[in-house]
Structure formats: C-alpha cells, structure tokens
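Everything below concerns the one structure shown next.
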Amino acid sequence: MQRTSLRRRQNSVKSNPSPDKERNDTMEEEEAMELVALASPSAGATGDESGDYVSQEAESCIDIYEAPEPPWRTFVQTFPSTLLAGLGMVAAGLVLNAVQRWDVFLEVTELFILIPALLGLKGNLEMTLAARLSTQANLGKMKTTPDIISLCLANLALVQVQSSVVGVLASALALTLSFLNGNQFDPSHALVLLCSACVTSFLTALFLGCLTCAMVTACHRCHVNPDNVAAPLAASLGDVTTLSILALAADFLFSLSAQGPALLLSVVVITLLPVPGCCWIAWHSEFTNDVMRTGWTPVILSMTISSGGGFVLDKAVAMFDNMSTFTPLVNGVGGNLVAIHASRLSTFLHRQAELTEGEEVGKQTSCRSQSLAPSASAHYSTLSLGTTKVLMALLPPAHVVFFTAIGLLQAHTSHAHPVQPAFFLFVFLASVLQVLLLLFVSHWLVGFQWRRGRDPDSCSIPYLTALGDLVGTGLLALAFLSFAGLFRAFPSSTAIPPTTLPP
C-alpha cells in the first residue's frame, strides 16, 4: 500500500544516509508533500482506499493535542469547586440583604447600581486571570519557580491596572445612570461612591489575584485540571469579599464625608498610586503585553453591560425584599459555569496552536496543514457539547444545596423573611435559562474571538460574565413578577401594599 511504501522510503533514508545531504532533504520534503496531498479532502473524496487510510493517519496527529477527558472526571473536579463557589454566593446574597438597610445604602442609593458592576469586575478580571493562568499551566509554562513568579507577577500587575481603571469608570457610570433616572446629583455622595469603588477595586484585586495565582499553581502541582477548578474557587470568596469590603468601606467613608472632601480625595489618590508601576510591569511582560494593548474593550464594555443589570437591581429591590438574596447566587453560578466552559474551549484552541505551530510539531507538515481541518472543528464542537452536558448536570444538585442553605440561614436570621418553597422552582428555572443561553453564546463567541486572532481567555469571558449579570438579574426579576402574578403574593412575607402587585 501507499502508506507502506512511504514508511519504507522514510526508513531507508534514516537507516542508510546518503553522502549527498541535499538529496535526502529533498526526498523528505517530497514525501511530506505527498502525505499532505493524500490527506487533503480532495484525496479522500476520490474513494481511494490508500488515500483514506493516510488521511486518517494525518488526522490522527491532530488528536494528540488533547486526550479526551472523561465526563465523570470533569464532573468530579468541577462539582466541589462550583458548590463551594455557590455557597460563597449564598453568603454574599445574605450579606447584601443585610447591608441594604445600612444608612449609607439608604442615602447613597447609587451603590446598588455599583454592586453588579464591581461583582462583574471580579468576574471579568479574576476569572480571566484564572483562565489565562490555567491555559499557561496546561501548555507547560508553569513548571519552574521563576516561570511561575514572572507569570503571576505580570498578571497581578495587569489585574491591578484594570481594576483601578474600571472601578473609576464604574462609579462614574453609576452616577450617570442614577442622574438619568431622575435622581439629583449630590457631590458628597458622588465622592463617597468614587472612593468606595477605588478602595474596593484595589483591595479585591490584590487579595483575589494572589488567591487565584496560588490556586492555579496548586492545581497544576496536584495534577488537577485548573480549567475545572480555578474559576469557581476564585469566585467562592470573590462575591462575599467584594460585597463585604464595599459595604465596610462605603460605611466608613460615608462617616468621613462630614469632615470635608479633602480626606476622601486623599484616599482616592493613595489607591491609584500603584497604577503607573503596575502598568509598566504589565506592558513589558511577554505574558500580558498583548492584553494591555487589546484587552480594554471587553473589560469596559462588560462593565457597561453589568451596570445595566445594576440598574434593574436598583429598581427591583424597591419592590422585592428578597431580590438581593438571590441575585449574587443566580448571577454567580451562571458566570462560574460559563467561565469553565470558555476556559476549556480556549485551552483546547491554544493547545492546538502550540502543536501545529510550535517547534516540535512545526516539523510535521501534515499536522500543520490540517490545523483548521473539519476534524478540528468537530473536536471543538464535541468538547463544547460534552462540557455543556456536564455543567447542566451540575445545576439540579447544586441548587438543592444552595436553596437548603438559604432556607437554613434565613431561619436563623432575625431580620430575614422566610421564602416560600414553591418560589425556589421559579428561581431554578430562571437559572437554567440563563446558563443555557450563556453556554450557547460561549460556544460561538470563543470560536469567533479565536478566528479574529484574539485570546478568548481575555476577550470572551468578560462579555460572558457581564451578559450573565444582565440576563440573570432580568430573569430573576421576571421570576419574582411571575410568582407574584400567579400566587397574588410576593415570595417574601414582607408586608407590601396590594397596589404594588402586578395586575
């Protein structure tokens, strides 16, 4: 057969080297070109048996870039981290439900618009950080301690720059939306909002960034796929940490606002002082230079989208007492699952590029020519579908645990109002619809960004998590309205005037 003759000629060249080196090199190039021709779709379409056989052999070299991970292993690695992250979001919801009665939240109502933007900031920056580090770990670029230090330091500097800039923009956008909604502009409130956003962005970026780097490194050392673990674990403390820091900072700064604006302005300056140094580090690092140049548009646009969810939340909490309890949970679970999905697809594409363009596979002309073959698209779709099935299978057991935790915690909280059990079904349906939409968009968006030459880790996850905030908040508000319309009562036992019920 043709395949046998090709191998015999290759073996004869290797075992009996000719004195004429140029002649041997020419023979190898001709054999490689012949193999590529036989592996091309036109050769396979002729129906020739030998051509089909060699085409399968050429396509099999693509399969080496990623051994298929069994679904049960993905489930086992993903479920504990997702469960832990969800419990953290349950705690964040309870924190938000408690602090919304503080004086600063009653006076500076723009904080409700700022909350989804800052939570989205955590998702956009920390999850993209986890995805980038997970991809580098799976590509074998975190093997030595110097590599780990340089990679983590550059990414921490990048996250600090992005969080500081987006924190300022988020506070400005919250003020703008509040003003467009008919609220009067108060300079003291605006300064409290700006200062709270800067302090929260600085502290959360530093704490969560270090935590994410440590988790990815630990997963890599323990031979656990970071794509399945890093993003949810980064989010497990992210929401509750961000909300707690924001609430404490806003409350403290609101008390300082009576002493004049100079003190608050000095706090803003202090939090922004590290930005130039971090910017220099991120710009001169090979790992983050591309993100510094091209990664701003997704972060800023995603912050704008998340602020739209904050506008919905600001309206909804005035009617639904328990809305703030479920918002971080629904939005966080959707963001975590879609981040896992996008991170796995991005790692797949990066690994393919490494093997088709790297030094080792660069010598294999047949693999390079097949890097964009239909078989690669089939592998991409198969991985996407398999991951979607596993992630959707996580939702029912995870929500049972989350709803049980909410019920138990609210039962032991004096100011919390118990939620009717039937309402949990409405929340679950809203979450299912949100996750299905996000996973569908992730499948398309990751491939779209890759074809445009952009890194999906940095350019896809911000859009996906922001879309999750907007869609999740809207679907949750719709769930409250649907429950109120069907049962003529709100899910909370809070006394609401009957005139506020939907007709």
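What you see is a predicted model, and the numbers here were worked out from it, not measured in a lab.
The two residues Val95 and Ser244 come nearest to each other via the heavy atoms CG1-OG, 4.3 Å. Scanning all heavy atoms of the two residues, the minimum distance from Asn155 to Leu151 falls at ND2-O, 2.7 Å. A pairwise comparison of heavy atoms in Val168 and Cys198 identifies CG2-SG, 3.8 Å as the closest pair. A pairwise comparison of heavy atoms in Pro226 and Val216 identifies CB-CG1, 4.3 Å as the closest pair.
Side-chain contact between Gln100 and Phe112 is present, with heavy atoms from C-beta onward closer than 4.5 Å. Using a 4.5 Å cut-off on side-chain heavy atoms (C-beta onward), Ser201 and Ser164 make no contact. Counting heavy atoms from C-beta outward, Ser150 and Phe287 have side chains that approach closer than 4.5 Å. By the 4.5 Å heavy-atom criterion applied to side chains, Phe448 and Arg454 are not counted as neighbours.
Counting only distance, with no hydrogens or angles, the side chain of Asn289 and the backbone of Ser285 share no donor-acceptor pair below 3.5 Å. Side chain of Thr388 to backbone of Ser384: a donor-acceptor contact under 3.5 angstrom is found. In terms of modelled atom types and a separation under 3.5 Å, the side chain of Thr109 and the main chain of Phe105 share no donor-acceptor contact. The backbone N or O of Ala282 sits less than 3.5 Å from a side-chain atom of Thr288, completing a donor-acceptor pair. Within the 3.5 Å criterion, the main-chain N or O of Ile340 finds no donor-acceptor partner in the side chain of Ser343. Although no hydrogens or angles enter the test, the distance criterion places a donor-acceptor pair under 3.5 Å between the side chain of Tyr380 and the main chain of His443. A donor-acceptor contact shorter than 3.5 Å links the side chain of Gln434 to the backbone of Gly468. A donor-acceptor contact shorter than 3.5 Å links the side chain of Ser196 to the backbone of Val192. With hydrogens and angles ignored, the 3.5 Å screen pairs a side-chain donor or acceptor of Thr465 with a backbone N or O of Pro462.
Atom CG in Leu206 sits 11.0 Å away from atom CG in Leu211 (nearest 0.5 Å). To the nearest 0.5 Å, the span separating CD on Gln449 from CH2 on Trp444 amounts to 8.0 Å. Separating the OG1 atom in Thr242 from the CG atom in Leu96 is a distance of 12.0 Å, to the nearest 0.5 Å. With rounding to the nearest 0.5 Å, the separation of CE in Met142 from OG1 in Thr135 is 11.0 Å. To the nearest 0.5 Å, the span separating CG on Asn225 from NE2 on His220 amounts to 11.0 Å. Once rounded to the nearest 0.5 Å, the distance linking CZ of Phe426 with CG of Leu481 reads 11.5 Å.
Between the side chains of Asn331 and Thr473, at least one donor-acceptor pair of N or O atoms lies under 3.5 Å. Side chain to side chain, Ser346 and Asp457 meet the donor-acceptor criterion of an N or O pair below 3.5 Å. At a cut-off of 3.5 Å, with distance as the only test, no side-chain donor of Thr387 or His341 sits close to an acceptor on the other residue. Side-chain atoms of His350 and Asn138 form no donor-acceptor pair, as typed in the model, at a separation below 3.5 Å.
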For the pair Arg451 and Leu349, evaluate side-chain contact (heavy atoms from CB on, under 4.5 Å) and give the outcome as yes or no after the intermediate values.
-> CA-CA 10 Å; Arg451 289 190 296 271; Leu349 295 173; over 6 Å; no

Show the numbers, then the answer: is there a side-chain contact (heavy atoms from CB on, under 4.5 Å) between Val435 and Val338?
-> CA-CA 7 Å; Val435 172; Val338 76; over 6 Å; no

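Taking the six-membered ring for Trp and thresholds of 30 and 60 degrees, Phe424 and Phe403 have nearly parallel ring planes, at less than 30 degrees apart.
The aromatic ring centroids of Phe423 and Phe326 lie less than 6.0 Å from each other.
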